Amino acid sequence: MKKEDLKKINDYLWEIPVSYRSDMKVPAQIFAKEAMIETLLTDRSLDQLVNVSTLPGIVKAAMVMPDVHEGYGFPIGGVAATEWPGGVICPGGIGYDINCGVRLLLTHLSHIDIAANIESLTRELFSQIPTGTGRGGEIKLSNEEMDEVLKLGAKWALQNGYATNEDLTLIESNGSMSNADPSAVSQDAKKRGYDQLGTLGAGNHFLEVDRVETIFDKTKAQVFGLYENQIVVLIHTGSRGLGHQVATDYLREIMNIMPKYNIHTADRELASVPFNSPEGQSYFNAMAAAANFAWCNRQMISFAVRHAFQKEIKINGEDIKLLYDVAHNIAKIEEHEVNGSLKKLIVHRKGATRAFGPLSSEIPEKYRSTGQPVLIPGSMGSASFVLAGTDKSMMTSFGSTCHGAGRRLSRTAAKKQIGGKALRDQLFKEQGILVRAGSLRGISEEAPFAYKDIDTVVDTVHEAGIALKVARLKPLAVIKG
Amino acid sequence: MHRVKFLPHTADIRMKVEADSLEEIFKGAFEGMRKLIKRKTGAEYNSKEYAERIDIESGDVTTLLVDFLNKVLSLSQINKIVYTDVEILNLSNNRIVADIKGCQTNSWDEDIKAVTYHEAAVLKSDNQKWETNLIFDI
């Protein structure tokens with residue numbers, strides 16, 4: 001693909017028309033500034049986007065956000081909506097880490113309040129929250145408990161004393177998708193996840209103690225409860241091995257059963273079935289169960305955070321409030337305007353975050369004046385952002401925006417440039433960031449220079465109007481695998 | 001005989017397997033994944049061995065290879081075992097029966113989410129060697 005194949009719609013939106021390839025059902029749209037286009041063409045992400053545009057039942061356009069990069073089937077940063085109920089559901093449009101997502105916790109503390117204890121706090125967080133490969137949590141779920149977690153999601157945490165009622169109101173879907181069916185989740189998936197509740201995992205998953213560095217929108221920040229120099233905690237993790245296994249199981253099953261519905265896709269990882277088929281329903285209900293596991297997981301980690309602050313900073317842990325928790329790998333049934341009328345759709349977001357605008361009945365009442373909080377994590381050592389969803393995103397991107405920065409360097413290349421110890425020392429010396437990780441290798445692989453510039457990505461979605469900047473966060477401490 | 005090479009990949013891990021036979025492709029891929037899961041052997045490999053039999057069917061030989069590796073991965077994560085040995089009892093384009101053996105471990109070097117189908121294509125090259133790429137989502 002060449003730049004000439006793309007048509008510029010405006011300064012932030014490009015389109016590959018259906019004439020580009022005969023099997024495209026809708027155009028492919030790219031939210032990006034012109035300066036980004038050449039970089040986007042260096043991997044296969046836009047070819048993957050064209051493949052997505054061929055899915056049966058897809059409506060309006062297949063879309064990617066400015067942090068797009070090559071994935072499996074769907075590009076990462078991809079959004080696609082199919083007609084409910086007969087359009088397809090595509091596990092590749094959600095990804096292997098079902099409900100990988102982010103939540104932000106707010107304290108009433110300022111930087112100065114924790115400066116003297118940041119080291120002991122970081123140590124306590126690292127001790128309380130299992131990170132890294134193969135490290136399970138203290139909770140070992142019985143078969144019955146596992147099914148309850150899968151059915152209830154964050155509600156299970158509430159029922160067992162790990163959450164407040166208010167917490168649940170501030171999680172996407174109140175932390176629980178009602179169609180979740182534990183019987184649709186395989187025994188292998190349940191066994192993989194039985195000791196993983198309350199764990200972070202490895203790779204690019206992390207927990208950060210951040211400082212609010214900049215407020216861009218004072219009005220929205222006030223509603224969100226954000227102010228300059230405030231201490232907040234950002235958590236990025238997903239459904240762990242359970243979700244990975246659900247995705248693996250159903251991708252295999254759907255790939256095998258697809259011919260029965262006369263569906264052929266350009267890529268094995270785009271395997272799809274009609275949403276209203278038994279297999280489609282089974283996957284959606286298993287996906288919901290895995291999503292519930294992830295919401296419960298992030299809630300359990302939040303409980304540990306509250307506990308750690310209570311112990312080391314001597315505050316009441318319950319004074320730490322949740323701003324919001326949002327998924328960036330999920331499929332949801334939503335209503336959006338298509339060709340002038342409201343349609344019920346199956347919206348796939350893979351490496352893309354929901355960004356519902358003001359007045360949306362789907363978002364908590366307290367955010368209906370501002371739009372839904374959108375949480376965009378940066379890479380280790382770089383900034384993260386809080387944005388707000390907009391009406392424009394509802395009209396142009398199925399209420400969606402970006403999810404992060406995306407890698408630009410391989411792990412091998414990053415490790416060659418700097419060792420883990422050197423990077424850890426550099427981050428502390430130059431930026432005052434404390435890093436506690438399960439391995440030194442894990443630190444160098446996640447070096448900030450291995451990722452694209454998050455500021456450019458966030459500026460693009462802001463200028464495109466599909467999410468508006470509210471605050472910029474800078475890390476003080478990072479815990480990872 | 002088989003040969004395993006790890007190739008550059010921006011976000012995850014790309015592995016190329018070349019082999020003299022179909023059976024060796026499966027063995028090579030198994031061994032390559034093992035090296036990702038646990039790079040070096042240690043004292044745990046002198047401890048008790050655990051065995052599993054895998055018997056799976058798939059639509060074609062490429063999906064069979066990916067499905068086989070995913071099964072090994074699942075068993076590894078569920079049982080907390082690094083599987084180091086494989087004996088293939090029966091192999092066709094659509095079915096594999098194999099015994100795998102390994103020892104318990106309390107840590108991994110890589111937390112593999114899944115073996116993907118991306119770029120996987122078990123084919124004979126011009127020099128009559130079997131080869132395929134495999135991408136591991138980590």
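Not measured: the values here are computed from a predicted model.
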Has [X] got more than 12 heavy atoms of other residues, nucleotides or ligands less than 6.0 Å from its [atom1]?
{"X": "A/Lys416", "atom1": "NZ", "result": "no"}
{"X": "A/Asn143", "atom1": "CG", "result": "no"}
{"X": "A/Glu138", "atom1": "CD", "result": "no"}

Relative to chain A, which segment of [X] carries a heavy atom at a distance below 4.5 Å: side chain, backbone, both, or neither?
{"X": "B/Glu110", "value": "both"}
{"X": "B/Asn106", "value": "backbone"}
{"X": "B/Val66", "value": "neither"}

Output the option from [options] having the highest count of non-hydrogen pairs under 4.5 Å with chain B.
{"options": "A/Arg411, A/Glu445, A/Lys191", "result": "A/Arg411"}
{"options": "A/Arg252, A/His69, A/Arg240, A/Gln245", "result": "A/Arg252"}
{"options": "A/Arg441, A/Met255, A/Glu70", "result": "A/Arg441"}

For the atom pair [atom1] ([X]) and [atom2] ([Y]), what is the distance rounded to the nearest 0.5 Å?
{"X": "B/Ile13", "Y": "B/Ile112", "atom1": "CD1", "atom2": "CD1", "answer": "6.5 Å"}
{"X": "A/Thr248", "Y": "B/Lys71", "atom1": "OG1", "atom2": "NZ", "answer": "11.5 Å"}
{"X": "A/Leu55", "Y": "A/Leu270", "atom1": "CG", "atom2": "CG", "answer": "5.5 Å"}

Relative to chain B, which segment of [X] carries a heavy atom at a distance below 4.5 Å: side chain, backbone, both, or neither?
{"X": "A/Asn256", "answer": "side chain"}
{"X": "A/Asp195", "answer": "side chain"}
{"X": "A/Arg192", "answer": "both"}
{"X": "A/Gln48", "answer": "side chain"}

ask   = Does any donor atom in the side chain of B/Asp67 or B/Tyr117 lie under 3.5 Å from an acceptor atom in the other side chain?
value = yes
Check: A/His403 ring centroid to A/His236 ring centroid under 6.0 Å = no
key: Selection from B/Ala114, B/Ser58, B/Pro8, B/Ala11 maximising heavy-atom pairs under 4.5 Å formed with chain A   = B/Ala11
